Amino acid sequence: MDLSGNSLLWKLLSVAVLVLAAALLLVFDPWDFGYPELWRKTGLAGAPARAAACLVAGVLLLAAGWLYRLFFAPLELLRSPEDVGYVAEDGRSRARAANEVRRRRKTGELPPVYPNGWYRVLDSHMLERGDVRSVTVLGEQVAVFRGQDGRAYVVDAYCPHLGANLAVGGRVVGSCIECPFHGWQFRGEDGKCVRIPYAEKVPEFAKVRCWPSCEVNGQVLVWFHCDGEQPGWRVPEQREISRGEWVYRGRTEHFINAHIEEIPENAADIAHLAHLHTPGIVSGVDLRYTNSKTWEFIRHDWKVEWNPEPEPNKHCSQMLVKHALTVFGRHWPLLDLSVVARQVGPGLVFLLFDHSFLGRGMIMHCVTPVEPLLQCVSHTIFYQSSIPPLVPKFILRAECIQFERDVMIWNNKKYISNPMLVKEDSAIQKHRRWFSQFYSENSPRLRYQHDTLDF
């Protein structure tokens, strides 16, 4: 549900027009305008009242649907790559503005593009039993399917026989996926081909690559390591989600044109919070207008501390956030919020909320590389089932607004390997040292020619 200004305005105008039409038909009868005989002869006496009743019923149904989506349905905001973070001027479309920025922007001296770790591929509720989904992750096409045994499997999308895409027309048979081209069946557990309908024997070497995967906290994740090593840690399970005490309340999705390390580095960039995220969320996401004097009476105050965790959890770090809201200079303690953001590996962050009035819940912030400089970032919220859905949906919407301000920075910035820092920026270098553990000697790097920008 998109509650952006234009969308909401058109909804309100549509309802207003329908209500006005119904009111006119109820107040003014065509009999008053000299057509009584015509209406009687055609058998349409009373038609205006019936039409008005239909219009009123339609308006009530629209209002009921809108109220249901507002108060009960999960909030889902799915942005396309050009939707956020680009300035379209001189009559250009946003897509054209985005393409021009991508083409002209300097990338800088980049770290490896695919760190080793766990990455989200999709949410569990998006994959029913027997479903097959095509997903692009880490520069690869994969087929994600749920077998009749209820397990989720991830395999390379292309059949090793003649290259058909298993996710496009492929069919789930038991715990296997069947190629739509010749009917070869590959077992989800290990990728081995178990049946070729026209062959007497299945060769031992016939198999498709199977990705190490797990399903936890309502998400399907895959493990990547450039050297093919097995998972070095497990994704922590949130028991409140597993037991059904916290329920799904919504998801946002953004595509960001930046190196993956830029995004989690924000946790250690404490100074940017006071500048970028202090203006109230009502001032929007366009950085040209967020500091408008119209909305300066609402301010967010932040206190943040970031630190890596010691062994055996050196792949984890924590950011402690304390948020306060002031309106016309007056502090509103009811909206004070403390958040513990725990990062696990390069692509997963768990933001835990615990508020005496607003309840408890978690936002899972997941960064998954699609291509070397294109990241899919999702925020999925689970919240106490006893708390009205409007509360977690508001929290997710507010998080989305603040996040989209960062997106405008990331989509237009250059990565600087040796930044010019002051003493107060020390946590940034500390974060880069911590993050470097997810790179190996063979981690893939972005290669391009300086004159063509071809990868």
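Quick note: residue numbers are just sequence positions, from 1. What you see is a predicted model; the values in this text were computed from it and never measured.
Annotation: side chain of Val370 is not in contact with side chain of Val137 (no heavy-atom distance under 4.5 Å). No side-chain heavy atom of Tyr114 sits less than 4.5 Å from a side-chain heavy atom of Cys226. Side-chain contact between Val113 and Glu371 is absent, with no heavy atoms from C-beta onward closer than 4.5 Å.
Ser213 and Trp223 share no side-chain donor-acceptor pair at under 3.5 Å. For the 3.5 Å distance criterion, the side chains of Glu215 and Ser124 qualify, holding a donor opposite an acceptor. No side-chain N or O of Asn99 forms a donor-acceptor pair with one of Tyr86 less than 3.5 Å apart. A donor-acceptor pair shorter than 3.5 Å cannot be found between the side chains of Ser378 and Glu253. Donor-acceptor pairing under 3.5 Å is recorded for the side chains of His254 and Glu404.
Not one N or O on the side chain of Arg299 forms a donor-acceptor pair closer than 3.5 Å with the backbone of Thr278. The main-chain N or O of Val101 is never found under 3.5 Å from a side-chain atom of Asn412 such that the two would form a donor-acceptor pair. No side-chain donor-acceptor contact under 3.5 Å links His259 to the backbone of Lys414. In this structure a side-chain-to-backbone donor-acceptor pair under 3.5 Å is missing from Trp410 to Arg405. Without hydrogens or angle criteria, Asn411 side chain to Asn257 main chain gives a donor-acceptor distance under 3.5 Å. Listed for the Lys413 side chain is no donor-acceptor partner under 3.5 Å among the backbone atoms of Thr107. Between the side chain of Asn313 and the backbone N or O of Pro310, no donor-acceptor pair lies under 3.5 Å.
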Checklist line | Test log, rule side chain to side chain contact (heavy atoms under 4.5 Å, CB included), inputs Arg234 and Trp118 | finding: CA-CA 9 Å; Arg234 299 180 65 180; Trp118 287 100; 5.8 Å; no
Note to self: As a quick check of understanding, evaluate side chain to side chain contact (heavy atoms under 4.5 Å, CB included) for Leu320 and Val304, giving each step before the final call.
What the structure shows: CA-CA 6 Å; Leu320 306 179; Val304 179; over 6 Å; no
Check: Under the salt bridge (charged side-chain N to carboxylate O under 4.0 Å, His left out) criterion, do Arg133 and Glu128 qualify, and how do the steps go?
Finding: CA-CA 10 Å; Arg133 293 295 185 98; Glu128 298 291 337; over 6 Å; no
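Under a 4.0 Å N-O distance rule, the pair Glu178/Arg171 qualifies as a salt bridge. Note on Asp123 versus Arg120: salt bridge recorded, some NZ/NE/NH1/NH2 to OD/OE distance being below 4.0 Å. Of the charged side-chain nitrogens involved, at least one lies within less than 4.0 Å of a carboxylate oxygen, so that Glu265 and Arg432 count as a salt-bridged pair. Classification of Asp286 and Arg288 as a salt-bridged pair holds, one side-chain N sitting under 4.0 Å from a carboxylate O. Looking at Arg243 and Glu245, a side-chain N of the basic residue comes within less than 4.0 Å of a carboxylate O on the acidic one, giving a salt bridge.
Between His277 and His272, the ring planes are perpendicular. Angles over 60° get that label, and only those under 30° would be called parallel. Ring geometry, Trp434 versus Phe438: the interplanar angle exceeds 60°, so the pair is classed perpendicular (tilted spans 30 to 60°).
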Tabulate below the donor-acceptor pairs under 3.5 Å that side-chain atoms of residues 340-358 make, not counting sequence neighbours, or state none.
residue: Arg342; atom: NE; partner: Glu309; partner atom: OE2; Å: 2.7
residue: Arg342; atom: NH2; partner: Glu309; partner atom: OE1; Å: 3.0
residue: Gln343; atom: NE2; partner: Gly345; partner atom: O; Å: 2.9
residue: Gln343; atom: NE2; partner: Pro346; partner atom: O; Å: 3.4
residue: His355; atom: ND1; partner: Phe357; partner atom: N; Å: 3.0
residue: His355; atom: ND1; partner: Leu358; partner atom: N; Å: 2.9
residue: His355; atom: NE2; partner: Leu334; partner atom: O; Å: 2.9
residue: His355; atom: NE2; partner: Asp336; partner atom: O; Å: 3.0

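Not counting sequence neighbours, the partners of Ser338 by the side-chain contact (heavy atoms from CB on, under 4.5 Å) test are Lys322.
Closest heavy-atom contact between Ala152 and Val220: CB-CG2, 4.0 Å.
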